[in-house]
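So the structure is just underneath, and the comments pick up after that.
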Amino acid sequence: MSSADDQDDLMPSTTPGYKPSAAKTTDEYAKLDAGDESLNRWKASLGIVPGTTTGDATGPKLTVLTLELLSPTLPADKKLAFDLTNPATIADIKKNPVIIKEGIEYNVRITFRVNHSIISGVRYIQLVKRAGLKVDKLEQMLGSYGPHPSGEPYTKDFPSEESPSGILARSGSYNVRSRVIDDDNNVYADWEWSFKLAKEW
């Protein structure tokens, strides 16, 4: 598969006729429909409060912090959580495949921080290849967020899935390209990693 095809696969799906609204500051969003008490409570839960500024407005709107694999079968002493702010971690998971047990139920958790402004239509896209051929694509909507008033990160758990099983699934490793992107096609994280399926963790 060519690099251009990869780029197409890593772009979010679109809804015909949908156009994202023009970007507004947190303060502008806070002042919209200011008389709607219910809406004001919802906006406050997202950190959209008049006069509030958080983070460095010149840096990225969103920082992806960790990606974690969760499973009830995962031994208590084994944790599959990866610090995506550390270039050494990203280099390691690209070079040394993560071992995942075959035929188990698992889900992915992603943690990220919204640094400033409002971010809408954030998605996680994952393209999985084996021997250079695409075998799977996942697109998970993370949602729309404002900066958390306390600066705390957001956590999103993906729906449960089952890992493949069988001798063919276990042979060879899988190469993954992951991306976090928003409605305006701003890319906030783009990294590669790999995994292998095995009979045990």
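What's counted below: heavy atoms across the whole structure, side chains too, no hydrogens, waters or symmetry copies.
- For the salt bridge (Lys or Arg N to Asp or Glu O under 4.0 Å) test, no residue two or more places apart in sequence or in another chain qualifies with Lys196.
- Taking the six-membered ring where the residue is Trp, Phe195 and Tyr174 present parallel rings, their angle staying beneath 30° rather than reaching 60°.
- In this structure, Tyr188 has no ring-ring contact (aromatic ring centres under 6.0 Å, His included) partners at least two apart in sequence or on a different chain.
- For the side-chain contact (heavy atoms from CB on, under 4.5 Å) test, residues two or more places apart in sequence or in another chain that qualify with Asn96 are Asp92.
- Residues in residues 165-174 take part in these salt bridge (Lys or Arg N to Asp or Glu O under 4.0 Å) pairs, two or more places apart or across chains: Glu102-Arg170.
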Review item, side-chain donor-acceptor pairs of residues 74-82, under 3.5 Å, at least two apart:
none

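- With salt bridges taken as basic N to acidic carboxylate O contacts below 4.0 Å, one links Arg123 and Asp183.
- The same ILVMFWY cluster, assembled from side-chain heavy atoms under 4.5 Å apart, contains both Val64 and Leu69.
- The stretch residues 142-164 participates, sequence neighbours left out, in these salt bridge (Lys or Arg N to Asp or Glu O under 4.0 Å) pairs: Arg109-Asp157.
- For the atom pair CG (Leu84) and CD1 (Ile93), the distance works out to 6.0 Å, reported to the nearest 0.5 Å.
- For the pair Ser120 and Ser144, the tightest heavy-atom approach, listed with the atom from each and the gap, is CA-OG, 3.3 Å.
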| task | Show your working on side chain to side chain contact (heavy atoms under 4.5 Å, CB included) between Val122 and Val180 and close with a plain yes or no. | result | CA-CA 7 Å; Val122 183; Val180 175; 3.7 Å; yes
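- Scored by the side-chain hydrogen bond (donor to acceptor under 3.5 Å, both in side chains) test, Ser163 finds no partners at all (sequence neighbours excluded).
- For Asp83, the side-chain contact (heavy atoms from CB on, under 4.5 Å) partners two or more places apart in sequence, or in a different chain, are Thr85, Asn86, Thr89.
- Qualifying side-chain hydrogen bond (donor to acceptor under 3.5 Å, both in side chains) partners for Ser171, counting only residues two or more places apart in sequence or in other chains: Arg130.
- Applying the ring-ring contact (aromatic ring centres under 6.0 Å, His included) rule to Tyr106 yields no partners; only residues at least two apart in sequence or on another chain are considered.
- Using a 3.5 Å distance cut-off with no hydrogens or angles, the side chains of Asp190 and Ser178 do not pair a donor with an acceptor.
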